[in-house]
Amino acid sequence: MANFKIEAPWYAFQKKVKALFQNDSDIYVGDIYEPENGKNQYAFDIEVLNHKKFLALDRVLPKTREFGNASLGITVFDLENGKGLDDILEQYKTVFEGNPVLQDFKEVTDFTGTKHSFIRFKPEVIQFFHDDISDYNGNWSGLAQDIAREVFTDAPAGLHFCTAAVGETGRPLGEWP
């Protein structure tokens with residue numbers, strides 16, 4: 001077994017955020033550092049080149065994550081100017097605009113009249129090294145939906161992260177040729 005070393009959970013969280021946006025040319029996730037302000041023990045920065053994405057990401061991403069007695073600060077920097085967004089789904093659409101991990105967005109109303117919004121990711125495995133001794137290579141493997149649920153903890157009720165069906169043809173579920 002290769003690459004086994006102990007890694008703190010805040011490093012795994014930062015790697016998940018980085019993996020979620022690694023192919024998005026508008027978002028750069030920096031490395032973990034120890035801030036001098038004393039507010040958090042650890043922190044990482046996210047630089048956003050698109051102001052609309054910055055506003056959306058700044059609103060939906062938690063500013064601090066707690067891991068036992070350690071806290072991880074997250075700072076989002078705007079590298080462009082622009083105007084704000086009001087609708088939360090529109091904010092997520094902006095956050096994931098151009099990101100190849102995204103399949104699409106769907107909105108449906110259930111039988112009670114409740115609106116549900118789905119952020120659907122491509123059915124592809126995301127993998128990076130994490131000290132997982134149950135994996136031969138020490139990797140963490142999962143889906144973008146798993147990462148998004150962990151990263152965007154303040155998502156409102158009715159907003160769901162999910163994975164598109166493997167081999168999806170684009171026709172609605174339940175319809176047969």
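Along the sequence shown, residues carry numbers from 1. As the structure is a computational prediction, the values presented were derived from the model and not from experiment.
The aromatic rings of Y42 and W10 sit parallel, their planes meeting at an angle under 30°, below the 60° perpendicular limit. Ring geometry, Y92 versus F161: the interplanar angle exceeds 60°, so the pair is classed perpendicular (tilted spans 30 to 60°). Aromatic ring orientation, F21 versus F152: perpendicular (interplanar angle above 60°, classes split at 30° and 60°).
With D104 as the partner, the salt bridge (charged side-chain N to carboxylate O under 4.0 Å, His left out) test is satisfied by one option alone out of K122, R120, K93: R120.
Annotation for G30 and Q14: closest pair O-NE2, 2.7 Å, computed over non-hydrogen atoms. Shortest non-hydrogen contact noted between P62 and V151 is CD-O, 3.1 Å. Scanning both residues, E66 and T64, for their nearest heavy atoms gives OE2-CG2, 3.3 Å. In this structure, I27 and V95 approach most closely via the heavy-atom pair CD1-O, 3.8 Å.
Both F105 and L159 are part of a single hydrophobic cluster, where members link through side-chain heavy atoms under 4.5 Å apart. Neither L143 nor I147 shares a network with the other; the hydrophobic side chains, linked directly or stepwise wherever heavy atoms of I, L, V, M, F, W or Y lie under 4.5 Å apart, form separate groups for each.
Atom CD of E36 sits in a sparse spot, with 12 or fewer heavy atoms from other residues, nucleotides or ligands closer than 6.0 Å. Within 6.0 Å of NZ in K63 there are more than 12 heavy atoms belonging to other residues, nucleotides or ligands.
Although no hydrogens or angles enter the test, the distance criterion places no donor-acceptor pair under 3.5 Å between the side chain of N40 and the main chain of A43.
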Worked check of side chain to side chain contact (heavy atoms under 4.5 Å, CB included) between R65 and E150: CA-CA 10 Å; R65 283 295 302 258; E150 187 174 339; 3.9 Å; yes
Are D154 and R59 close enough, and set up right, to give a salt bridge (Lys or Arg N to Asp or Glu O under 4.0 Å), and what steps lead you there? CA-CA 9 Å; D154 295 334; R59 291 178 99 181; over 6 Å; no
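Side chains of V17 and I74 form no contact here, defined as non-hydrogen atoms less than 4.5 Å apart. Residues E124 and I126 fail the side-chain proximity criterion, which asks for heavy atoms closer than 4.5 Å.
Partners of F44 by ring-ring contact (aromatic ring centres under 6.0 Å, His included), not counting sequence neighbours: none found.
The CG atom of L20 sits 10.0 Å away from atom CG of L102, with the distance rounded to the nearest 0.5 Å.
Salt-bridge check for K15 with E7: passed, with a basic side-chain N closer than 4.0 Å to an acidic carboxylate O.
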